[in-house]
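What follows is a short report on a single structure.
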Amino acid sequence: MITTWKHHETIEKAKRNAEQKIVSNVEHVEHIALVNQKRVLDAFKRKQVSEHHFTPSTGYGYDDLGRETLEAVYADVFGAETALVRPQIISGTHAIATVLFGLLRPGDELLYITGKPYDTLEEVIGIRGEEGGGSLKDFGITYHAVPLTAEQKVDKAAVKAAMNERTKVIGIQRSKGYADRPSFSINEIEQMAQFVKGINPNVIVFVDNCYGEFVEAKEPCHVGVDVIAGSLIKNPGGGIVKTGGYVAGKAPYVKQASYRLAAPGIGTEGGATLYSLLEMFQGLFLAPHVVSQAVKGAHFTAAFLDELGMRTSPRYDEQRTDLIQSVQFPDREKMIAFCQAIQAASPIDAHVTPQPSSMPGYEDPVIMAAGTFIQGASIELTADGPVRPPYIAYVQGGLTYEHVKLAVMQAADEMLSLETKGTPS
């Protein structure tokens with residue numbers, strides 16, 4: 001028994017009960033990890049990955065065999081025709097913007113059918129931010145988002161009504177992001193793709209795949225999605241990749257994204273990899289296991305906090321399609337205290353106390369607990385969110401299941417202390 005908690009009896013009881021509740025969930029997660037690990041291993045073998053593929057390239061980066069093989073492995077793993085995997089992509093938002101600017105032209109329309117996209121895309125689209133800053137709106141590209149139904153499902157009637165001759169790209173956000181809604185499963189994404197293709201087979205279906213890779217046994221391109229994008233400091237980097245992102249899908253669309261990232265005529269042919277290849281190959285190989293650690297941690301977090309009477313989404317017994325576990329608080333003080341406690345249980349900068357502050361790309365002040373080895377790596381354990389009603393913190397990641405348990409128990413202990421502060425004993 002761990003007896004360092006101030007409220008150790010309450011904490012230990014909730015821990016034991018939570019572990020009992022999620023036995024079958026843990027078994028399922030480990031099965032998914034095995035399926036995904038085999039798919040990754042098979043791709044490495046098919047593409048004959050060898051030690052010479054780790055050799056760095058410099059300058060223009062022409063004829064980089066390691067880079068070409070890495071992208072072939074990614075395409076294989078993600079069920080795509082081809083892929084773009086580059087350290088020059090700095091974030092998930094950058095990867096998504098690369099796709100959108102690559103595919104859309106003046107007069108085209110981007111239609112998101114899963115409600116408003118993640119906060120950082122608002123300035124990319126042009127619904128917020130500096131006028132003339134180079135958003136899609138500045139280039140005469142229109143945008144519309146169809147709100148979800150009251151049941152948090154895609155509003156098919158509204159989507160059909162919104163689609164028109166200018167609708168070129170259908171946007172789907174797999175993860176809930178900072179929204180208070182469920183994330184969308186691969187099965188649901190397949191149904192979305194079939195629905196919009198039934199209306200217009202020429203629309204391009206794009207999925208923001210951030211936080212979702214390897215959580216299920218299939219990826220969006222396996223079920224009819226045209227193109228996906230994500231970050232290597234999230235799931236597919238396995239917790240060791242220091243920077244980068246990916247785009248995968250049908251060859252013409254990935255090519256257009258590569259022209260946006262580099263320049264027309266250069267595309268995938270250039271781009272030095274320097275010393276990133278070994279960790280990108282190894283990170284992808286580790287990713288199914290590392291993701292499973294984080295998902296088991298999310299199940300535990302939900303069950304453990306449920307034991308303490310807190311509202312979480314998804315619940316411990318609900319299906320998972322991404323890493324994100326949301327936790328709702330009654331006020332901003334408890335939300336901030338929880339995130340600060342997660343920071344205090346981090347391996348890096350545990351002595352630092354995060355405070356809500358403005359961040360590039362976000363409209364509201366954000367509190368971000370991220371004591372991570374790699375800056376902003378949300379495959380590592382983090383807890384963050386915009387400090388606005390209904391005061392939801394988004395807990396995600398965890399390189400080890402054990403770390404997630406310890407951090408969440410410490411955070412709960414601090415929450416209990418906050419509740420009892422000033423109460424006569």
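Just so you know, residue 1 is the first one in the sequence shown, and it goes up from there. Since this is a predicted model, take the numbers as computed values, not measurements. Scope of the values below: all heavy atoms of this structure, side chains included, with no hydrogens, waters or symmetry mates.
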Margin query: Between the side chains of Lys334 and Asp331, is the shortest nitrogen-to-carboxylate-oxygen separation below 4.0 Å, so that they form an ion pair?
Written below: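 Answer for the salt bridge query: yes.
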Can you list everything that forms a salt bridge (Lys or Arg N to Asp or Glu O under 4.0 Å) with [X]? Sequence neighbours excluded, please.
X	result
Asp317	Arg315
Glu380	none
Glu19	Lys15, Lys405
Arg67	none

Next item on the list: Starting at CG of Asn25, measure out to OH of Tyr316 and round the result to the nearest 0.5 Å.
Entry: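 Answer for the CG-OH pair, Asn25 versus Tyr316, is 8.5 Å.
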State, to 0.1 Å, how close [X] and [Y] come at their nearest heavy-atom pair, and which atoms those are.
X	Y	answer
Met368	Gln343	O-OE1, 4.2 Å
Pro288	Val40	CG-CG2, 3.9 Å
His94	Gln88	CE1-O, 3.5 Å

Margin query: Tell me if the aromatic rings of Phe78 and Tyr246 count as close, with their centers under 6.0 Å from one another.
Written below: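 Distance test on ring centres: under 6.0 Å, yes.
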With a sphere of 6.0 Å drawn around [atom1] of [X], does it hold more than 12 non-hydrogen atoms of other residues, nucleotides or ligands?
X	atom1	value
Lys21	NZ	yes
Lys168	NZ	yes
His28	NE2	no

Next item on the list: Measure the acute angle between the ring planes of Phe101 and Phe139, then classify it against the limits of 30° and 60° as parallel, tilted or perpendicular.
Entry: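 Phe101 vs Phe139 ring planes: perpendicular.
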Next item on the list: I would like to know whether Asp384 and Gln396 meet side-chain hydrogen bond (donor to acceptor under 3.5 Å, both in side chains); could you show each step before the answer?
Entry: CA-CA 9 Å; Asp384 52 77; Gln396 61 257 328; 2.9 Å; yes
Item checked: Pair Thr321-Glu216, side-chain hydrogen bond (donor to acceptor under 3.5 Å, both in side chains): steps then yes or no -> CA-CA 6 Å; Thr321 188; Glu216 295 192 65; 2.6 Å; yes
Next item on the list: Flag the pair Leu84 / Glu71 as yes when at least one side-chain heavy-atom distance between them is below 4.5 Å, and no otherwise.
Entry: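 SC-SC contact between Leu84 and Glu71 confirmed.
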Notebook entry, point to check: Under a 4.5 Å cut-off applied to non-hydrogen side-chain atoms, are Val366 and Pro356 in contact?
Noted result: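 Val366 vs Pro356: side chains apart.
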Notebook entry, point to check: Can you name the side chain to side chain donor-acceptor pair (under 3.5 Å) partners of Ser276, sequence neighbours left out?
Noted result: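 For Ser276 there are no side chain to side chain donor-acceptor pair (under 3.5 Å) partners, ignoring immediate neighbours.
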Next item on the list: Please name all residues satisfying side chain to side chain contact (heavy atoms under 4.5 Å, CB included) with Ala341, sequence neighbours left out, ordered by chain then number.
Entry: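 Partners of Ala341 by the side chain to side chain contact (heavy atoms under 4.5 Å, CB included) criterion, ordered by chain and then number, come out as Ala411, Glu414.
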